[in-house]
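Below you'll find the structure, written out as structure tokens, and then a few comments.
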Amino acid sequence: MSGIKSLADELRDSIRKGKPPQAKEIPPAEQTKDTPKKKTETLERLFENILNHELTGREKLLIRLDDKTLFLLKQLNVAKGIDMNKIISYSLHLFLKSHPELTRYIKEHIKTLDL
């Protein structure tokens, strides 16, 4: 048991010898590649895409949103002039585009549905 040193013993020995205690090297945290400038450019591109999105349908839907989301959409309308309908349409369009399996699922189940 005498061969096992505690951390406190090692610290005492290093202080007596005048050497700073050797700490295990911790690699520095990797900096994210997204700089503030790059994030701003990405955000501006997103706003541009939303503003360029066309509302082509004639059908209107009544949707229910929580207060926090509605407040955020109203603030976005004031800050950037983006209409709530446009951002909801853009978001839904992007969601369906990124999840094609949902569209396939609906098409397959409509075929099997007895009318």
Side-chain angles (χ1 to χ4, degrees):
M1 291 275 191
S2 63
I4 300 174
K5 283 188 170 181
S6 70
L7 180 59
D9 292 333
E10 289 180 20
L11 284 172
R12 273 189 230 110
D13 288 345
S14 65
I15 291 172
R16 284 183 196 138
K17 293 177 183 176
K19 296 179 185 175
Q22 293 180 353
K24 293 182 180 177
E25 288 270 333
I26 300 174
E30 293 182 25
Q31 294 181 355
T32 57
K33 294 179 182 178
D34 291 338
T35 60
K37 184 179 178 185
K38 193 172 184 180
K39 286 182 182 180
T40 303
E41 289 173 0
T42 305
L43 198 55
E44 288 301 322
R45 200 169 350 148
L46 176 66
F47 289 144
E48 186 178 322
N49 289 341
I50 293 170
L51 287 169
N52 291 335
H53 178 72
E54 292 184 24
L55 295 174
T56 56
R58 292 186 312 220
E59 188 95 20
K60 293 183 180 181
L61 297 173
L62 178 65
I63 62 168
R64 188 168 295 174
L65 299 172
D66 62 296
D67 293 337
K68 186 178 176 182
T69 304
L70 186 61
F71 182 70
L72 184 68
L73 288 173
K74 285 180 181 179
Q75 286 182 325
L76 189 60
N77 188 5
V78 171
K80 289 302 248 181
I82 299 173
D83 185 44
M84 285 187 239
N85 292 320
K86 190 170 268 200
I87 193 163
I88 291 169
S89 173
Y90 177 80
S91 300
L92 187 57
H93 179 76
L94 193 62
F95 177 79
L96 291 173
K97 191 176 182 180
S98 64
H99 294 88
E101 66 275 6
L102 183 60
T103 307
R104 284 193 300 269
Y105 175 83
I106 292 170
K107 287 179 181 179
E108 286 298 317
H109 281 77
I110 287 180
K111 288 179 185 176
T112 60
L113 188 65
D114 291 331
L115 298 177

| remark: Here the salt bridge (charged side-chain N to carboxylate O under 4.0 Å, His left out) pairs for residues 60-75, sequence neighbours left out, are none
| Neighbour count >12 (heavy atoms, 6.0 Å) for atom CD, Glu54 | no
| note | Distance col, row Asp83:CG vs Ile88:CD1, nearest 0.5 angstrom, shows 8.5 Å
| request: Find out if a path of hydrophobic residues (ILVMFWY) with successive side-chain heavy-atom gaps under 4.5 Å connects Leu96 to Leu55. | output: no
| field | Transitive ILVMFWY side-chain link Leu92 to Leu70, under 4.5 Å | value | no
| Distance from Lys80 atom NZ to Glu48 atom CD, nearest 0.5 Å? | 10.0 Å
| said: Would you compute the distance between atom OG1 of Thr56 and atom CZ of Arg58 and round it to the nearest 0.5 angstrom? | reply: 10.5 Å
| query | Is there a chain of hydrophobic side chains (I, L, V, M, F, W, Y, each step under 4.5 Å between heavy atoms) that links Phe95 to Leu65? | reply | no
| Is the shortest side-chain N to carboxylate O distance from Glu108 to Lys111 below 4.0 Å? | yes
| What distance separates Leu46 CG from Ile87 CD1, expressed to the nearest 0.5 Å? | 7.0 Å
| note | d(Ile106 CD1, Glu101 CD) to nearest 0.5 Å is 10.5 Å
| task | Keeping the roles fixed (side chain from Ser89, backbone from Asn85), state whether a donor-acceptor pair exists under 3.5 Å. | result | no
| query | Does any N or O in the side chain of Lys86 come within less than 3.5 Å of the main-chain N or O of Leu51, such that one atom is a donor and the other an acceptor? | reply | yes
| query | For the residue pair His53 and His93, does the interplanar ring angle fall in the parallel (under 30°), tilted (30 to 60°) or perpendicular (over 60°) class? | reply | tilted
| message | Check for me, please, whether Leu94 and Leu73 land in the same ILVMFWY cluster - side-chain distances under 4.5 Å, paths through other members count. | response | yes
| Rounded to the nearest 0.5 Å, how far does CG of Leu76 lie from CG of Leu72? | 6.5 Å
